[in-house]
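Comments concern the structure below.
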Number of protein chains: 2
Amino acid sequence: MEQQNKSSQLPPSDWNQYMPGISADCVIFGYHDKELKILILEYKQSGVFALPGGFIRKDEALDDAAKRVLEERTGLTRIYLNQFHTFGNLERDDPKPMKTVLEKNDMPVSDHHFLLQRFISVGYLALVDFKKVEPKPDLFSDSCLWYDANNLPGLMLDHQQIVQTALKYLRSNINNHVIGQNLLDETFTMGELQKLHETILDEKLHRTGFHRKMMLSKSLERLGKKKTGKAHRSPFLYRFKQKV
Amino acid sequence: MEQQNKSSQLPPSDWNQYMPGISADCVIFGYHDKELKILILEYKQSGVFALPGGFIRKDEALDDAAKRVLEERTGLTRIYLNQFHTFGNLERDDPKPMKTVLEKNDMPVSDHHFLLQRFISVGYLALVDFKKVEPKPDLFSDSCLWYDANNLPGLMLDHQQIVQTALKYLRSNINNHVIGQNLLDETFTMGELQKLHETILDEKLHRTGFHRKMMLSKSLERLGKKKTGKAHRSPFLYRFKQKV
DNA sequence: CCAAAAGTGTTTTGGGTACACCCATGA
DNA sequence: TCATGGGTGTACCCAAAACACTTTTGG
C-alpha cells in the first residue's frame, strides 16, 4: 500500500499507460576500488538477474524514460546518459524468466500479460558517481547492487550481450573526457585517472605516455599537490576543465 | 486486388501482425553523378515526403524488418545495413501527415488507426549500388526516387533529423572501407574514390595525401590501367581487397 | 640513503600535410 | 609540345611510444 505512490515503483495496475513492446534498459557504470561496476537487479524469489530497465510512458520521450529509470534506481538526477544500440532479435523474446518472476510474486499470469509480450529494448549507457548513488530495487526486485563488470551474475535474456555492447561503446569513447569526469571525483591524481582507463580498456598503459597525452588534450587543469602519506613524491591533483 | 500479394505492399487489412508503436526507417544512400543520393518516398496525392520505412512483424527480428524494407524498396538483397540511432522524441508524434495521406487515399480514418499512433523509430543506414537499384514505391506512395542528399524535399516529422544523424554517422565512419565498397563499382580510379570521400565529407581533400593514405591502409589492390580516352595519363584501376 | 611513485626530457617512429616533380595521353 | 590528370619522392610537423632521468617523500 504505502509503496504504491513511490516513484520508484512500477504501477502494475495500469500497464496501459506504457507503450507496449518497447523498453529501455540501462547499463549503469560506476567506479570504485579500482573496479568498473555495473548496477544489477535481482528479481524477488526467483534468482533472475537483470539490467535496470523500464517502459516508456505514452506521453514521455524515449530519452526521458531512460532518465526516469536512472533516477529511480540511483536517486541521482542530471546523470550522464547515452543511447548506444537497440536490441530486437527474436532470441530475446523469451517470457520464461518473467513468468517465473510473476509466479514467485503471486501475480496473475495470463499469456497476454504486458510483461510477457515480446520487447524491443533500447540500450542506454549511464556514468555515475559511485559514492553518490543509493541503489534502490524496483517493485519486483529484492536487490539493486553493484557488480564488478568482469564478474557479473548470469543475466536474463540478452542482457549480457547488452552489457558487452555497452562496454565496447565505452572503450571506443575512452578519449571523451566525460568518462573520467563522471566516474571520478572532482579532483584526482594522474595515477587514478590512468587506473580508470586501464580498468575500462582492460590493458596496461604506459605511464609517461599517458601523462603526456592527457596534458596535450588540454582538458585537464592542475591544482595543488596531494599529501598521500606514502613514501614517495606526492602527486598533483587534476581536475577536468569546465567546457569553454 | 492483384497488388495484395506483392511483397512490396503493406497489407493494411492485418495491422495486427505488426508490433505497435515501432517502426524502422531507412536512410538509403547511393552515389551517382558525383552526388550522394538518398531514396525518398512521396505519399500519394498528399505532397508528403518521407524516408522508406516499415513495421516489425511480431515474428521478425528488428534487423530483418529493416532488411525487408530495403529489399522491398530497392529490389536488392544482401545490402550493407547498419542501425545507427533510435528516435523517440514526443515532437515526432504528429498524426497529421499520416492522416492527410489516409484521407487522400480514401482510407478509413479513426483516431485509433494503427498508422496514427505514436511511433518510436529505429534508424538504419544502407549503402547500395545506385545502378543496380530499381526503386519501388510502396502501397501509399506515388514515387520512390533518388534525391541529392544536399537538396532534399521537406520531409515529414523528424525525418530530416534522421537524415542528418545518418550523415554524421557516415562521415565519422568514412575510413571504413565498406563505404567505398558499397557505393562504388567493383573497380574504380583513385580520383573517383577521392571524389566520393569529398562528396560525403563535403570538403576538398589533398590529392597526393589521399592517395598515400588509401595505399597505406592496405585495403586496396591495384589492377590494370584504364583507358579514359582523355588527354592525360590513364589512371590505374583499384579494387577493395577481399576480407582476409 | 633507499625504494617507490610522480613528473620531465629525449629520441624514434609513423601518419598526415604540403609541395615539387615526373609520367602518360590526346588534342 | 602543351595542357591535364595521375603517380611518386621528399621535407616537415606532430602525436604516440619507449626509455632515461630527475624529484619528492617516508621509512
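To find a chain, count down the sequence lines: A is the first, B the second, and so on, and within it residues start at 1. Model, not experiment: these values are computed from the prediction.
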| field | Candidate list A:I38, A:I28, A:I40, test side chain to side chain contact (heavy atoms under 4.5 Å, CB included), partner A:W146, passing option | value | A:I28
| request: Starting from C1' on D:dT22, measure out to CZ on A:R233 and report it in whole angstrom. | output: 8 Å
| message | In whole Å, I'd like the distance from the CG atom of B:L216 to the P atom of D:dG7. | response | 15 Å
| In whole angstroms, how far is the C1' atom of D:dG6 from the CE atom of B:M215? | 13 Å
| For A:L193 and C:dG7, what is the distance between atoms CG and P respectively, to the nearest whole Å? | 12 Å
| task | Compare side-chain N and O positions of A:S234 against OP1 and OP2 of D:dT25 and report whether any pair is under 4.0 Å apart. | result | yes
| message | Just the rounded figure in Å: distance from C1' of C:dA6 to NZ of A:K195. | response | 17 Å
| Below 4.0 Å: OP1/OP2 of D:dA18 and any side-chain N or O of A:H206 | yes
| query | B:T208 near the nucleic acid: base, sugar-phosphate alone, or nothing, with a heavy-atom cut-off under 4.0 Å? | reply | base
| request: Output yes when at least one side-chain N/O atom of B:Y238 is less than 4.0 Å from OP1 or OP2 of D:dG7, else no. | output: yes
| field | Flag side-chain contact, heavy atom, 4.5 Å: A:L76 against A:L70 | value | no
| field | Mutual orientation of the aromatic rings belonging to B:F210 and B:H197 [parallel < 30°, tilted 30-60°, perpendicular > 60°] | value | perpendicular
| message | By nearest heavy atom, map A:R212 and A:P235 onto DNA chain C; which one lands nearer the 5' end? | response | A:P235
| task | Rounded off to whole Å, could you give me the CZ-to-P distance for the A:F210 and C:dG7 pair? | result | 12 Å
| In terms of ring plane angle, is the pair B:F240 and B:F188 parallel, tilted or perpendicular, where the classes change at 30° and 60°? | tilted
| said: Would you say B:R222 places a side-chain N or O within less than 4.0 Å of OP1 or OP2 belonging to D:dG6? | reply: no
| Would the number of heavy atoms belonging to other residues, nucleotides or ligands and lying under 6.0 Å from CD of B:E203 be above 12? | yes
| remark: Result for 5'-nearest mapping on DNA chain D, choosing between A:K225 and A:K213, is A:K213
| query | Taking NE2 from A:H211 and C1' from D:dT22, how many angstroms apart are they, rounded to a whole number? | reply | 14 Å
| What's the CZ-C1' distance between A:R207 and C:dG9, to the nearest Å? | 13 Å
